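Let me begin by presenting the structure, written as structure tokens, before commenting on it.
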Amino acid sequence: MSAQSLPDSRSRLPDRQGRFGPFGGQFVPETLMAALAELEGVYRKAHRDRSFRRELDAYLQDYAGRPTPLYYARRLSERLGCRIRIYLKREDLLHTGAHKINNTLGQGLLCRKMGKPRVIAETGAGQHGVATATVAALLGLKCDVYMGQTDMVRQRLNVFRMRMLGGRVIPVTSGSKTLKDACNEAIRDWVTNVRDTHYILGSVVGPHPYPMMVRDFQSVIGQEARVQIRQATGRLPDCVIACVGGGSNAMGTFHPFYRDRSVRFVGVEAAGAGLATGRHAATLVRGTVGVLHGSKSFLLQDRNGQVIETHSISAGLDYPGVGPEHAFYKKSGRAEYVAVTDQEALQGFRLLAETEGILPALEPAHAIAYLPKLCKRLKAGSIVILCLSGRGDKDVETVAEQLQ
Ligand SMILES: *Cc1c(COP(=O)(O)O)cnc(C)c1O
């Protein structure tokens, strides 16, 4: 699996303006245009540079723990009772416990290549902040993480983790004091300090080149899985399923299968308290087209274009936007997007715990919760790959409270 971590685009997208059909682009202040152009230039050069690939691959292997196993979940498959074989792509086994390290390692190395001594990041639950602070410590970079004050209270443990790793956590007190406000503050910081600072965005969102670049860094998930499923079963899967917050673990799993038309893509969003209640984060299922954080995509907004407060039991899915390439996949019909509620996700969490002895993060528990429905729609003998994006240790307290 050497020198494979940066793939060529399977979809030939985005175009030169960073657009995926009508979505994507660069809706940013003039002062950031030069920084985005610089970043794109450095990234494209690194993409072609064998020594950069080798260095990234070495960190992915020896530091993060790649390749991750593709595990046949026999008891889970049997419990579903419809003769479908479920394979789990075990991103939960990576260092720091989730797929986010694939991206932060890539961007950290790019930052060093640009000669910038400082990184900043936004974080909601703190997972991306921890992955960023980890890589900053590893590479000797200064690290400031913006986090909403509400989230800092909810996710105290991750605040401590970031501090122990040498990161500074900056509380954000504007707006709803959550992830979208942290994004705004990180962008503001970047505008001011762009000469010595790289902004490590945590998902396939934001202005071009971020959606493309983060997709490429995360595509190592799908590339490995494509090889592994063939070794295990002699063929490609019938369906690939993943949860969608901003969309990076899903896109990283989907993209290497883009041209395999027989492989269906299913993205699972958070229906929160229920779609009808309005308290959810189902951006692709229920959102409309608009601009948020520098790119055009679906988002949850009211009639006046004001971004709506989202809700999900899983902090990693609790975001009102989604990556523009997913918007394109939805419009073109390449992928299908569905949503499951908090209660269903809790059932998904227990289902995997009881059948396989794996506590999943609440984010991929949404994808697990959709399996019983998915099974009914697939032929007997079908093969499914599910991206298990992270481990559930961080969520045990939340689950315990809910199940009382
Ligand atoms: C952050 C996170 C997500 C959501 O982010 P995506 O960009 O949609 O992948 C999903 N799963 C886990 C475990 C996360 O930490």
Side-chain angles (χ1 to χ4, degrees), residues 91-101 103-104 108 118-138 141-186 188-189 199-203 243 245-246 248-249 270 272-273 279 281 309-320 342 345-346 349-350 353 359-366 389-404:
E91 298 296 293
D92 61 316
L93 295 178
L94 287 174
H95 180 45
T96 68
H99 68 293
K100 289 197 168 76
I101 193 89
N103 171 48
T104 52
R118 175 176 180 254
V119 292
I120 55 170
E122 83 295 339
T123 199
Q127 296 300 106
H128 175 57
V130 169
T132 300
T134 298
V135 165
L138 174 70
L141 303 166
K142 190 166 177 285
C143 175
D144 288 331
V145 178
Y146 287 91
M147 189 169 189
Q149 206 166 45
T150 309
D151 289 335
M152 282 181 72
V153 175
R154 286 196 290 203
Q155 306 286 341
R156 271 177 46 228
L157 214 57
N158 275 339
V159 174
F160 290 132
R161 282 197 183 100
M162 287 183 265
R163 288 185 179 147
M164 277 182 264
L165 291 160
R168 191 164 63 125
V169 183
I170 305 175
V172 175
T173 53
S174 56
S176 54
K177 308 183 178 79
T178 59
L179 178 57
K180 78 169 165 48
D181 313 290
C183 283
N184 290 334
E185 286 307 314
R188 205 162 296 160
D189 180 315
Y199 177 17
I200 300 190
L201 240 168
S203 190
C243 64
S248 69
N249 86 89
R279 295 184 65 237
E309 277 297 291
T310 52
H311 166 80
S312 169
I313 191 169
S314 109
L317 303 184
D318 205 350
Y319 178 65
D342 291 348
L346 286 166
F349 182 98
R350 298 188 72 180
L359 300 181
L362 278 170
E363 291 87 0
H366 285 71
S389 54
R391 64 172 183 236
D393 309 45
K394 69 183 176 67
D395 294 320
V396 167
E397 223 174 284
T398 308
V399 174
E401 276 166 26
Q402 295 288 324
L403 294 180
Q404 262 166 27

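Being a predicted model, the structure only gives us computed values, none of them experimental.
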Fill in the blank from the handout: In short, Leu317 meets Ser312 closest at the heavy-atom pair CB-OG, 4.1 Å

Handout entry: CG on Asp144 to CE on Met162, rounded to 0.5 Å
Key = 11.5 Å

Handout entry: Nearest atoms (heavy-atom pairs only) where Tyr146 meets Ala182
Key = O-CB, 3.5 Å

Handout entry: Charged N-O contact under 4.0 Å between Asp189 and Arg118
Key = yes

Problem - Heavy-atom check, side chain of Ser314 versus side chain of His366, under 4.5 Å - result: yes

Practice task
Verify the distance criterion only: is there a donor paired with an acceptor across the side chains of Asn249 and Glu91 at less than 3.5 Å?
Solution key: no

Problem - Glu122 side chain reached by Leu179 side chain, heavy atoms, under 4.5 Å - result: yes

Completion exercise
Minimal heavy-atom distance between Ser389 and Cys243, with the atoms involved, is OG-SG, 3.8 Å

Handout entry: Ile200 vs Ile120 side-chain heavy atoms within contact, under 4.5 Å
Key = no

Problem - Straight-line distance of Leu165 CG to Phe160 CZ, nearest 0.5 Å - result: 13.5 Å

Problem - Distance-only donor-acceptor check, side chains Asp92 and His99, under 3.5 Å - result: no

Handout entry: Side-chain touch Val172/Met147, heavy atoms, less than 4.5 angstrom
Key = no

Exercise for the section: Taking all heavy atoms of Thr132 and all of Ala121, pick out the closest pair and write down the distance. Expected result: OG1-CB, 3.7 Å

Exercise for the section: For residues Lys100 and Leu94, determine if any side-chain heavy atom of one lies less than 4.5 Å from a side-chain heavy atom of the other. Expected result: no

Exercise for the section: State the CG-CD distance between Leu157 and Gln155, to the nearest 0.5 angstrom. Expected result: 9.0 Å

Fill in the blank from the handout: Which of Asp395, Val399, Asp393, Val396 passes side chain to side chain contact (heavy atoms under 4.5 Å, CB included) with Leu359? It is Val396

Handout entry: Test item: Asp151 and Thr123 side chains (from C-beta on) under 4.5 Å apart, heavy atoms
Key = no

Practice task
Give the intermediate values and the outcome of side chain to side chain contact (heavy atoms under 4.5 Å, CB included) for residues Ser203 and Leu201.
Solution key: CA-CA 6 Å; Ser203 190; Leu201 240 168; 6.0 Å; no

Handout entry: Pairwise distance CD1(Ile313) to CD(Glu363) - rounded to 0.5 angstrom
Key = 10.5 Å

Exercise for the section: Determine which pairs satisfy side-chain hydrogen bond (donor to acceptor under 3.5 Å, both in side chains) with at least one residue from residues 171-180, sequence neighbours left out, and list them in order. Expected result: Ser176-Thr178, Ser176-Asp181, Ser176-Glu309

Practice task
Heavy atoms only: give me the nearest Lys394-Leu362 pair and the separation to one decimal.
Solution key: NZ-N, 4.5 Å

Problem - Beyond-backbone contact of Asn158 with Gln127, side-chain heavy atoms, under 4.5 angstrom - result: yes

Exercise for the section: Report yes if some heavy atom in the side chain of Asn103 is under 4.5 Å from a heavy atom in the side chain of Ser248; otherwise report no. Expected result: no

Practice task
Ignoring hydrogens and angles, state whether a donor on the side chain of His95 or Thr134 is under 3.5 Å from an acceptor on the partner side chain.
Solution key: no

Fill in the blank from the handout: In short, Tyr319 meets Cys183 closest at the heavy-atom pair CE1-SG, 4.4 Å

